[in-house]
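Notes follow once the structure below has been shown.
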Amino acid sequence: MHPRKILVTSALPYANGPIHIGHLVEYIQTDIWVRFQKLRGNRCIYMCADDTHGTAIMISSKKAGVSEEQWIERVREEHIADFTAFDIEFDNYGSTHSEENRKLCGVFWSALREAHLVKGKDVEQLYDPQAETFLADRFVRGTCPFCHLENQHGDNCDNGHTYTPADLIDPVSTLSGATPEVRTAPHLFVELEQLHGFLDEWTQCGKHLQREVANYLKGHFLHEPLRDWDISRPAPYFGFEIPDSPGNYWYVWFDAPIGYIASTQQWCERSGEKLDDWWRSDETEIHHFIGKDITYFHTLFWPGMLKTAGYNLPTKVHIHGFLTVGGEKMSKSKGTFVKAATYLEHLEPSYLRYYYASKLGSRLDDLDMNLQEFVAKVNSDLVGKVINLASRSAKFVAESGLSAEYPDDGGLFTQGAAAGDEIAGAYENCDYNRAMRRIMELADRANPFVEERQPWNLRKDPQRAGELQDVCTVALNLFRQLAIYLSPVLPRLAAQTGELLGKPIESWDESKTPLVGTPVAKFKHMMQRVEAKNVQAMIDASKENDMSDAPANEATNEATDAATFEDSDQPLKDEPLTEEITFDEFIKVDLRIARIVSAERVEEARKLLRLTLSLGGDERRQVLAGIKSAYEPEALVGRLVVMAANLAPRKMKFGVSEGMILASGPGGSDVFLLSPDDGAQPGQRVH
RNA sequence: GGCGGCGUAGCUCAGUUGGUUUAGAGCAGCGGAAUCAUAAUCCGCGUGUCCGGGGUUCGAGUCCCUGCGCCGCUACCA
């Protein structure tokens, strides 16, 4: 079997913030795969880079008071430090803001031009006259033109209406607070539709994508003509200026994937390789690892670009899901939004590598990190089962070394070697959880062997020194076999095993041959047990970070946090605090979660909506609420609110109102209903 | 609403193309042993409606239909 030639990438992290444990799912997943391939004797290189262009970078660097170049260089160093600490080993870590990338972008661009795939079109977009820049949708907020909900995103509101930013009522730029104006600018587009036939074939042939991804693309994009892809941005924009279109820049998603190739180019220059041997060669496999959020860039645009420019198409795009913690999205307020650097202050990287490996499968399911399970799994699998094999036997043979011949072990080593193919197959398919399970099954067979042979008793009898040596030879070889199988996941353990037994682990096939007649070094601890309190400390520290450097909304992070916290004192002035009450007085009010099951306008009334609230089961209340000018009734149905449920019914002109729902704001269109967090149920009391 | 997926022991899950037994493993729990080892290890202990209901079949957790529940994606299009 001749070695494969494999080029692997992870998505380029955006140079706008630190690496966190969500990112690490992908880099650990990829790194394991790369290490596995190398261990198998394949030629495999792992390429990555920082993704450095776009509006968000401009904003962040401006805020930090440095140039974009300084900013991205600083972030890149942080990223590299984090990756290195987690044993993620790139063969090259570049930057999309590199000369190599600029040139390659030119190559791709020319190819697109020559294929007549580029066309110009005018685009109307909101422009911030103060910041002197066009505004992406997420940098505009305003009032929804359909339901008049205020402070909504640029392209959709919380009630589910969609629109373009130009339709917003009272739009505001989140960059400067200025009122944006509509301006027209010429943009360049790629007519992807011309590649429709090719993309149908490539995505649906079953070789390159997970089945569910192929279905997704077919259902969402390929069933109809593909839309033109807006690939340029007018100045000012931090990126590369388009050579034949001065004043326009390539959109960040154009140059980002080309960064994979540019990074390879740097590696080639350093190692005397030819780029075309890797990116224009039938012998090379290209494997991209990405998260599901960027599926369509990598499965439609990117193959289209590669095809047009005559580069290798991806052999496979491996797509993974998101990380959740305790079954929920990572949350800054709950401390589950853990930065890589914060993790490292409290825990060892090997824990996370193993835990993720034990959870990762080949499909794009989300991966849930359960903190109790995390502790239990690392301690019981790694320390209790695997490492224990070495720590309970190594010191008995520190002087004698391993037996000269491999003793009878009842077939354990042979069984372990036979399992190698299946474990390798699981790694190859990214079914790491399966691989980990199989490895732990082997460990579960090894410990009883030691138990049965009782080396601790054998050593008491000098007559049985040979027997003792044999038992430990078996135990250590079984341990080493596991360490080899685990080495893509736990390179440190592999290195430590190499030291202990005086022979570095370099190839997968070493799992087939036991080590004999070699010295054994003094045993040193290989891994600390995870302490639950350290996990907790990490969570707590992540909460503290939240207070200091803050932002609630990820995408618009830097842009919004000033606005988030510079709260006006006007509301308090308008409505000062009232006199103190006792607890007993407070609890007289029975606040309940209620679901709005119907809502209609009271036509004759100026301000009222007639709501029917459900407290669960058959319990219903009619409430007349003065929110007509702030909410469309249709948008309220189904929504959970908080109501004062034991308020005496009040007869009003239009009927009896049996309670009140809680809202803030001065009135008119400025009314803001209170909503419970996810999970609340109708009828629950608010305490 | 559409698409994709999931629903197996307290928890996390395995169950390959339907047929090795009365459906398995790890963790947790209970009982015992051991004391070499990082309070690590070993042995023993599971009356689970394999979500419910139909169907195909000599035979289904495994295939088909249907209902329910959950998750993800995406929606006045699929």
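In what follows, every chain begins at residue 1, and chains take the letters A, B, ... in the order their sequences are listed. Heavy atoms only: backbone and side chains are in, while hydrogens, waters and symmetry mates are out.
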(request) Report the distance from atom CD1 of A:I439 to atom P of B:C13, rounded to the nearest whole Å. (result) 19 Å
(message) Roughly how many Å apart are B:G46 and B:C6, using the P atom of each and rounding to a whole number?
(response) 31 Å
(request) Just compare B:U12, B:G5, B:U41 and give me whichever is closest to any side-chain atom of A:K359. (result) B:U12
(message) Does A:L389 reach a base, just sugar-phosphate, or nothing at all? Heavy atoms under 4.0 Å.
(response) nothing
(request) Please measure how far the C1' atom in B:A23 lies from the corresponding atom in B:A39, and state the result in whole Å. (result) 35 Å
(message) Both A:N370 and A:A376 contact RNA chain B. Taking the nearest nucleotide for each, which residue is further toward the 5' end?
(response) A:N370
(request) To the nearest Å, give me how far apart CG (A:D368) and C1' (B:G72) are. (result) 14 Å
(request) Let me know, please, whether A:V383 or A:E373 comes out on the 5' side of the other along RNA chain B by nearest nucleotide. (result) A:E373
(message) So, does A:R434 get its side chain near the phosphate of B:U16, meaning an N or O under 4.0 Å from OP1 or OP2?
(response) no
(request) Check each of A:N388, A:V474, A:L493, A:V450 against A:F479 using the side chain to side chain contact (heavy atoms under 4.5 Å, CB included) test, and report the only one that passes. (result) A:L493
(request) Check whether any side-chain nitrogen or oxygen of A:K395 sits under 4.0 Å from OP1 or OP2 of B:A37, and answer yes or no. (result) yes
(request) Nearest whole angstrom, please: distance from the P of B:U74 to the CG of A:N215. (result) 16 Å
(message) Please classify the nucleic acid contact of A:M527 as base, sugar-phosphate, or nothing, using heavy-atom distances under 4.0 Å.
(response) base
(request) Quote, to the nearest angstrom, the C1' distance that separates B:G15 from B:A9. (result) 14 Å
(request) For B:A37, give its Watson-Crick or G-U wobble partner with both distances under 3.5 Å, or none. (result) none
(request) Provide the Watson-Crick or G-U wobble partner of B:G44, both distances under 3.5 Å; none if there is no partner. (result) B:C30
(message) With rounding to the closest Å, how many angstrom separate the P atoms on B:C43 and B:A34?
(response) 15 Å
(request) From the options B:C42, B:G72, B:G4, select the nucleotide whose nearest atom is closest to the side chain of A:E212. (result) B:G4
(message) Quick one: does any side-chain atom of A:Y355 pair with a main-chain N or O of A:N370 as donor and acceptor, under 3.5 Å?
(response) yes
(request) Between B:C50 and B:G4, how far apart are the P atoms? Round to whole Å, please. (result) 27 Å
(request) Compare side-chain N and O positions of A:H525 against OP1 and OP2 of B:U38 and report whether any pair is under 4.0 Å apart. (result) yes
(message) I'd like the C1' distance from B:A60 over to B:G55, given in whole Å.
(response) 12 Å
(message) Whole angstroms only, please: what is the CG-P distance between A:N388 and B:A34?
(response) 18 Å
(message) Can you identify which nucleotide, out of B:A37, B:G26, B:U12, has its nearest atom closest to the A:R392 side chain?
(response) B:A37
(request) Would you indicate what A:D444 reaches in the nucleic acid, counting non-hydrogen atoms under 4.0 angstrom: base, sugar-phosphate, or nothing? (result) sugar-phosphate
(message) If I take atom CZ in residue A:F322 and atom P in nucleotide B:G72, what distance separates them, rounded to the nearest angstrom?
(response) 11 Å
(request) Please state how far atom CZ in A:R459 lies from atom P in B:U35, giving the value in whole angstrom units. (result) 11 Å
(message) For a quick check of understanding: with a heavy-atom distance under 4.0 Å over all strands, which category does A:K218 fall into, base, sugar-phosphate or nothing?
(response) nothing
(request) Check every atom of B:G5, B:A78, B:U41 against the side chain of A:H220 and return the nucleotide holding the closest atom. (result) B:A78
(message) Nearest to the A:W456 side chain among B:U12, B:A34, B:U38, which nucleotide is it?
(response) B:A34
(request) Take the angle between the ring planes of A:F297 and A:W253 and call it parallel below 30°, perpendicular above 60°, tilted in between. (result) parallel
(request) Measure the distance from CZ on A:R438 to C1' on B:U16 and round it to the nearest whole Å. (result) 12 Å
(request) For the side chain of A:F396, starting at C-beta, report the closest nucleotide among B:U74, B:C42, B:C36. (result) B:C36
(request) Would you indicate what A:Q454 reaches in the nucleic acid, counting non-hydrogen atoms under 4.0 angstrom: base, sugar-phosphate, or nothing? (result) nothing
(request) Could you tell me which nucleotide pairs with B:U12 by Watson-Crick or G-U wobble geometry, both distances under 3.5 Å, or answer none if nothing does? (result) B:A25
(request) To the nearest 0.5 Å, tell me how far A:F221 CZ sits from A:T203 OG1. (result) 11.5 Å
(message) Let's see if you can work this out: which of B:U12, B:U38, B:U41 has an atom nearest to the side-chain heavy atoms of A:M526?
(response) B:U38
(request) Would you kindly give the CG-to-P distance between A:L371 and B:U12, to the nearest whole Å? (result) 14 Å
(request) List the atom of A:V397, the atom of A:Q469, and the distance in Å for their closest heavy-atom pair. (result) CG1-CA, 3.9 Å
(message) Once you measure the plane-to-plane angle for A:W508 and A:Y485, does it fall in the parallel (<30°), tilted (30-60°) or perpendicular (>60°) bin?
(response) tilted
(message) Taking only the P atom of each, what is the distance from B:C42 to B:U35 in whole angstrom?
(response) 16 Å
(request) Return the nearest nucleotide to the side chain of A:R529; candidates are B:G26, B:A40, B:C42. (result) B:A40
(message) Heavy atoms from C-beta onward define the side chain here; which of B:C6, B:A14, B:C27 lies closest to that of A:R437?
(response) B:A14
(request) Kindly assign one of parallel, tilted or perpendicular to the pair A:H318 and A:H287, based on the angle between their ring planes and the thresholds 30° and 60°. (result) parallel
(request) Please determine, for B:C73, whether a Watson-Crick or G-U wobble partner exists with both distances under 3.5 Å, and give it or none. (result) B:G2
(request) Kindly point out which of B:U41, B:G4, B:C27 is positioned nearest to the side chain of A:N447? (result) B:U41
(request) Answer yes or no for A:K377 and A:Y354: cation-pi contact, defined as NZ/CZ to six-membered ring centre under 6.0 Å and angle to ring axis within 45°. (result) no
(message) Using atom P in both nucleotides, what's the gap between B:C36 and B:C30 to the nearest angstrom?
(response) 25 Å
(request) Would you kindly check if the NZ (Lys) or CZ (Arg) of A:K395 is within the cone defined by 45 degrees around the ring axis of A:F523 and under 6.0 Å from the six-membered ring centre? (result) no
(message) Counting only Watson-Crick pairs (N1-N3 plus N6-O4 or O6-N4) and G-U wobbles (N1-O2, O6-N3), all under 3.5 Å, who is the partner of B:C58?
(response) B:G19
